[in-house]
Amino acid sequence: MKKRKGFAIVVVMFFAFAISIIMFALLRHNSNLSSQTKLTIYQMQAYYLAQSGMQLAKLHIYLLPKEIYNYYQNNPESSDNRNALDKCNSALYYPLDMKGTQRVKFKYDLFKNENTDDDIFPYEGNFNVTKLKYLLSDQNMKMTQDSYNIEIQASISMGKGKEKNITLEENFIVSRFAGR
């Protein structure tokens with residue numbers, strides 16, 4: 001009889017140990033999943049910020065196709081460091097912070113359940129046109145078309161001094177006279 005009592009204690013201890021290992025594995029998996037979700041959200045924010053920078057750069061070129069073309073024709077340099085859209089940089093504009101025209105450092109975390117004011121801007125990020133390269137013109141078309149290569153770099157703040165950077169590059173053609 002005494003042997004069976006000791007055996008029951010061993011069985012209970014084994015099951016308790018097995019359950020604690022399973023719980024530890026589940027908690028660890030949950031924390032990894034949480035950090036991966038945060039990273040994915042930051043990547044998406046950087047990607048869409050870069051996409052908005054790309055749209056702004058294209059808008060500048062579509063609205064001023066002759067002026068952009070003349071810039072490259074009147075500045076014939078051998079290096080590719082020329083950038084007609086170097087002022088297409090989000091750091092030059094104020095964020096939509098609803099607090100007027102002064103820049104404010106925001107303390108906001110998307111992943112904490114703290115109450116935040118509705119009038120603060122929760123996201124920080126910048127984009128700029130790092131490269132706008134004039135490729136070629138097709139003079140044989142009814143409307144002269146110019147080809148450009150645009151490179152946009154976007155960076156967002158992930159908190160605690162960390163940043164997420166992403167670079168988008170795209171080639172496109174614009175009519176010098178119609179803008180599209």
Side-chain angles (χ1 to χ4, degrees), residues 35-111 118-180:
S35 63
Q36 186 63 33
T37 302
K38 286 180 184 180
L39 183 62
T40 301
I41 289 173
Y42 288 131
Q43 288 173 334
M44 287 177 57
Q45 287 176 352
Y47 173 76
Y48 285 120
L49 182 63
Q51 282 290 347
S52 67
M54 183 69 73
Q55 294 301 315
L56 181 64
K58 284 182 178 180
L59 179 67
H60 280 266
I61 293 175
Y62 288 148
L63 292 176
L64 303 169
K66 280 185 176 179
E67 289 80 355
I68 301 288
Y69 172 77
N70 289 337
Y71 172 83
Y72 284 104
Q73 293 306 310
N74 294 331
N75 295 308
E77 297 178 11
S78 60
S79 70
D80 289 332
N81 294 333
R82 299 173 293 154
N83 185 352
L85 297 179
D86 58 353
K87 296 198 189 265
C88 190
N89 185 341
S90 65
L92 301 175
Y93 305 104
Y94 289 107
L96 300 173
D97 63 359
M98 300 181 212
K99 287 191 183 238
T101 59
Q102 55 188 341
R103 289 189 180 267
V104 179
K105 279 289 188 187
F106 300 107
K107 294 179 181 173
Y108 185 95
D109 190 353
L110 185 63
F111 304 104
D118 288 336
D119 62 346
I120 65 171
F121 190 69
Y123 310 108
E124 289 186 55
N126 289 311
F127 65 81
N128 63 334
V129 178
T130 55
K131 180 174 76 171
L132 175 65
K133 186 175 179 184
Y134 171 71
L135 299 176
L136 61 100
S137 289
D138 188 357
Q139 304 288 346
N140 296 328
M141 303 292 285
K142 188 172 186 179
M143 296 289 229
T144 304
Q145 295 182 335
D146 302 319
S147 177
Y148 295 97
N149 175 274
I150 292 183
E151 183 178 282
I152 305 285
Q153 183 173 16
S155 66
I156 62 159
S157 172
M158 294 172 46
K160 298 179 185 174
K162 296 180 183 176
E163 285 189 349
K164 179 69 182 164
N165 297 313
I166 192 168
T167 302
L168 287 181
E169 188 172 352
E170 187 175 325
N171 293 335
F172 72 100
I173 297 172
V174 63
S175 171
R176 195 176 313 154
F177 300 105
R180 275 279 192 192

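- The minimum heavy-atom distance linking I150 with A57 is given by the pair CD1-CB, 3.9 Å.
- Residues G125 and S90 share a closest heavy-atom pair of O-OG, 4.1 Å.
- In this structure, the separation between CD on Q43 and CD on Q36 is 7.0 Å, given to the nearest 0.5 Å.
- Considering CD1 of I152 and OG1 of T167, their distance stands at 9.5 Å, rounded to 0.5 Å.
- The side chain to side chain donor-acceptor pair (under 3.5 Å) analysis of residues 49-59, with sequence neighbours excluded, yields the pairs Y47-Q51, K58-E170.
- Scored by the side-chain contact (heavy atoms from CB on, under 4.5 Å) test, A46 finds I156, K164, I166 as partners (sequence neighbours excluded).
- Here CG of D146 is found 10.0 Å from CZ of F172. Values are rounded to the nearest 0.5 Å.
- Atom OG1 of T40 and atom CD of Q45 lie 11.5 Å apart (nearest 0.5 Å).
- Under the side-chain contact (heavy atoms from CB on, under 4.5 Å) criterion, E163 pairs with S155, N165, not counting sequence neighbours.
- In summary, of the residues considered (I61, L135, I173), a side chain to side chain contact (heavy atoms under 4.5 Å, CB included) with Y148 occurs for I61 alone.
- Atom-to-atom distance recorded for F127:CZ and L168:CG is 11.5 Å, nearest 0.5 angstrom.
- Using bins of under 30°, 30° to 60° and over 60° for the plane-to-plane angle, the ring pair Y134/Y69 lands in the perpendicular bin.
- With E151 as the partner, the side chain to side chain contact (heavy atoms under 4.5 Å, CB included) test is satisfied by one option alone out of K131, M54, K133: K131.
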